[in-house]
Amino acid sequence: MYRLYRQVPVAGRYLLLCLYLCLWVFALFNYSSRCRYSQPDVFIEDWPADDSRLKSGRCYLRRDSLQLQPIDMHNAPELHHLETALAGPEVPAQMRLRPGGSWAPSNCTPLQHVAVMVAFRNRDFHLRLLLNRLHRMLRRQLIKYTVFVVEQTGPEPFNRGMLMNVGVVEALKLASFDCFIFHDVDMIPEHDRNVYLCDENARHLASAIDEMRYHVMFYNYLGAVLVLSRQAMPLYTNISVRLSRQRHRITPEWLSNSDSVCFDSPVNATMSSKNFFRINGFSNVYWGWGNEDDDISARTMEAGMLVSRPPLTLGRYKMVRHPKAVRIEGGYTHFMAWRARHYEDGLNALRKESYTIVSRQAMPLYTNISVRLSLSRHQMKQEWLSKTAILLSVDVLELISRYFNRCSLFHYSLHAIF
Ligand code: UDP
Ligand code: MN
């Protein structure tokens with residue numbers, strides 16, 4: 001290539017350079033971000049002078065009651081201390097957590113019913129830090145919620161995506177949640193005004209992580225803390241989701257009538273999260289660390305959702321330090337072929353043989369779902385599908401464009417300079 005370039009006359013080289021720079025400028029001016037920063041102000045109102053809002057009975061938040069909180073990342077209270085402080089008999093009844101880690105405001109009607117999903121294995125210290133912070137914050141935000149800790153047992157590699165899918169299926173057996181928060185156990189929110197509710201987008205709450213020097217890692221990043229609701233209006237209509245032997249066609253009417261749709265799925269769950277269903281949940285094939293968040297980002301983009309984030313001043317998180325896991329080998333291969341698997345690999349692929357619930361327990365501070373995951377025959381087919389799609393180069397161009405879209409290097413290097 002370089003030899004070829006050397007053969008071009010000098011004037012031609014300048015021309016090529018100019019063309020290259022023009023392309024860059026063109027790309028920069030035509031870059032349209034699908035990411036929006038939005039204040040959670042819809043839920044936060046200055047206290048109405050005439051009490052009109054109060055009469056409506058809906059929960060509104062007082063701006064001045066929600067502040068940046070100091071976080072002690074080195075000392076996590078013991079579990080029994082936490083249980084006494086948050087759910088013990090001395091706690092006033094209105095503030096006391098119910099078994100299973102649930103709470104709801106008693107003197108106003110909450111806007112949504114929220115499930116916080118934490119995929120978990122062997123991170124007790126992180127969990128205690130998180131619970132200590134999360135419950136206090138969510139109560140201040142007047143949110144009706146339950147915290148689910150979906151714990152993977154057995155020797156298999158950790159599978160965050162599949163745990164989240166299982167969590168949603170199991171949670172919907174308990175109540176018809178409107179809004180799901182997919183939360184890393186090591187992300188401790190700092191600002192009480194980062195409201196844990198859904199909007200019509202894929203809302204990414206972790207805009208600013210201390211580890212990333214309080215900046216977004218890249219525009220399409222949807223890791224750490226992601227919010228997906230059932231509230232959004234469908235933007236595209238032509239998805240078929242196969243559940244057991246039946247094929248359901250998702251149409252706008254279907255979605256608007258499906259506040260509580262009972263699927264005849266192998267897990268026999270009542271499911272109601274429109275957005276999560278629209279994208280078919282997380283992929284199940286990422287065993288180990290890496291790429292499952294890229295996959296869900298691609299799915300939300302495909303479904304026409306924007307990404308909304310709180311401003312950097314509000315979406316602040318401290319990350320608990322831990323040794324970095326090694327990236328799995330097949331991660332990129334699967335990600336490159338995400339489109340080929342999209343409709344087959346996700347919520348609708350949870351089969352009887354792919355997971356076993358070891359126990360469901362209503363602990364004082366959370367609902368624990370212990371689950372053993374296994375590689376099903378269906379998943380092996382997905383692996384095969386990824387490899388074939390790569391061989392046929394179906395998704396290679398897709399991958400290249402997506403990685404450019406990340407703008408990570410460009411964006412991140414700017415922050416490194418300034
Ligand atoms: N996780 C866990 N135990 C593990 C690995 C992962 O509980 O052994 C969960 C935990 O919720 C964690 C998330 O998966 O926050 C993401 O994994 P990790 O923190 O290793 O990845 P990072 O995002 O920090 O690179
Ligand atoms: Mn982490």
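Note that ligands are numbered from 1 as they come in the structure, with each ligand's atoms numbered from 1 the same way.
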Original post:
Does ligand 1 have an atom under 4.0 Å from some heavy atom of D186?
Top reply: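 For ligand 1, residue contact (heavy atoms, under 4.0 Å) with D186 is present.
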**OP:** Run the contact test for K324 against ligand 1 with a 4.0 Å cut-off on heavy atoms, strictly below, and give the result.
**Re:**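 It does; at least one heavy atom falls under 4.0 Å.
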**OP:** Looking only at protein heavy atoms, identify the closest one to atom 16 (C) of ligand 1 and say how far it is in Å.
**Re:**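 Among all protein heavy atoms, the one nearest atom 16 (C) of ligand 1 is D184 OD2, 3.5 Å.
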**OP:** May I ask you to identify the nearest protein heavy atom to atom 7 (O) of ligand 1, giving residue, atom name and distance to one decimal place in Å?
**Re:**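 Its nearest protein heavy-atom neighbour is R121 N, 2.8 Å.
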Between [Y] and [X], is there a side-chain donor-acceptor contact under 3.5 Å, judged purely by atom types and distance?
{"X": "N220", "Y": "S297", "answer": "no"}
{"X": "D192", "Y": "Q69", "answer": "yes"}
{"X": "Y145", "Y": "H135", "answer": "yes"}
{"X": "S370", "Y": "R360", "answer": "no"}
{"X": "H183", "Y": "Y196", "answer": "yes"}
{"X": "R372", "Y": "T356", "answer": "no"}
{"X": "N284", "Y": "N159", "answer": "no"}
{"X": "N132", "Y": "R128", "answer": "no"}

**OP:** Answer with side chain, backbone, both or neither: which part of H322 has a heavy atom less than 4.0 angstrom from an atom of ligand 1?
**Re:**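 Side chain only.
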**OP:** Please state which part of A119 comes within less than 4.0 Å of ligand 1, counting heavy atoms only: side chain, backbone, both or neither.
**Re:**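 It is the backbone that gets close, since no side chain atom is under 4.0 Å.
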Original post:
Between F282 and F182, does the ring centroid distance fall short of 6.0 Å?
Top reply: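 Yes: the rings meet the under 6.0 Å criterion.
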Numbering as shown, the atoms of ligand 1 that approach [X] to under 4.0 Å (heavy-atom distance):
{"X": "V185", "result": "10 (C), 11 (O), 15 (O)"}
{"X": "W289", "result": "20 (O), 21 (O), 22 (P), 25 (O)"}
{"X": "F120", "result": "7 (O)"}

**OP:** Might you confirm whether atom CD of Q67 has over 12 heavy atoms from other residues, nucleotides or ligands at distances under 6.0 Å?
**Re:**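 For Q67, atom CD is crowded (more than 12 foreign heavy atoms under 6.0 Å).
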Original post:
Between F158 and ligand 1, is there a nitrogen or oxygen pair with a distance under 3.5 Å?
Top reply: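 F158 vs ligand 1: no N/O contact under 3.5 Å.
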Original post:
Going by distance only, is there an N or O of R123 that falls short of 3.5 Å from an N or O of ligand 1?
Top reply: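 Yes, at least one N or O pair falls under 3.5 Å.
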Original post:
How many protein atoms of type N/O/S are positioned less than 2.8 Å from the Mn ion (ligand 2)?
Top reply: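 Protein N, O or S neighbours of the Mn ion (ligand 2) under 2.8 Å, waters not counted, come to 2.
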**OP:** Report the C-alpha separation of Y317 and D184 in whole Å, then their side-chain angles, then the decisive distance to 0.1 Å, and conclude whether the side chain to side chain contact (heavy atoms under 4.5 Å, CB included) test is met.
**Re:** CA-CA 11 Å; Y317 283 78; D184 273 9; over 6 Å; no
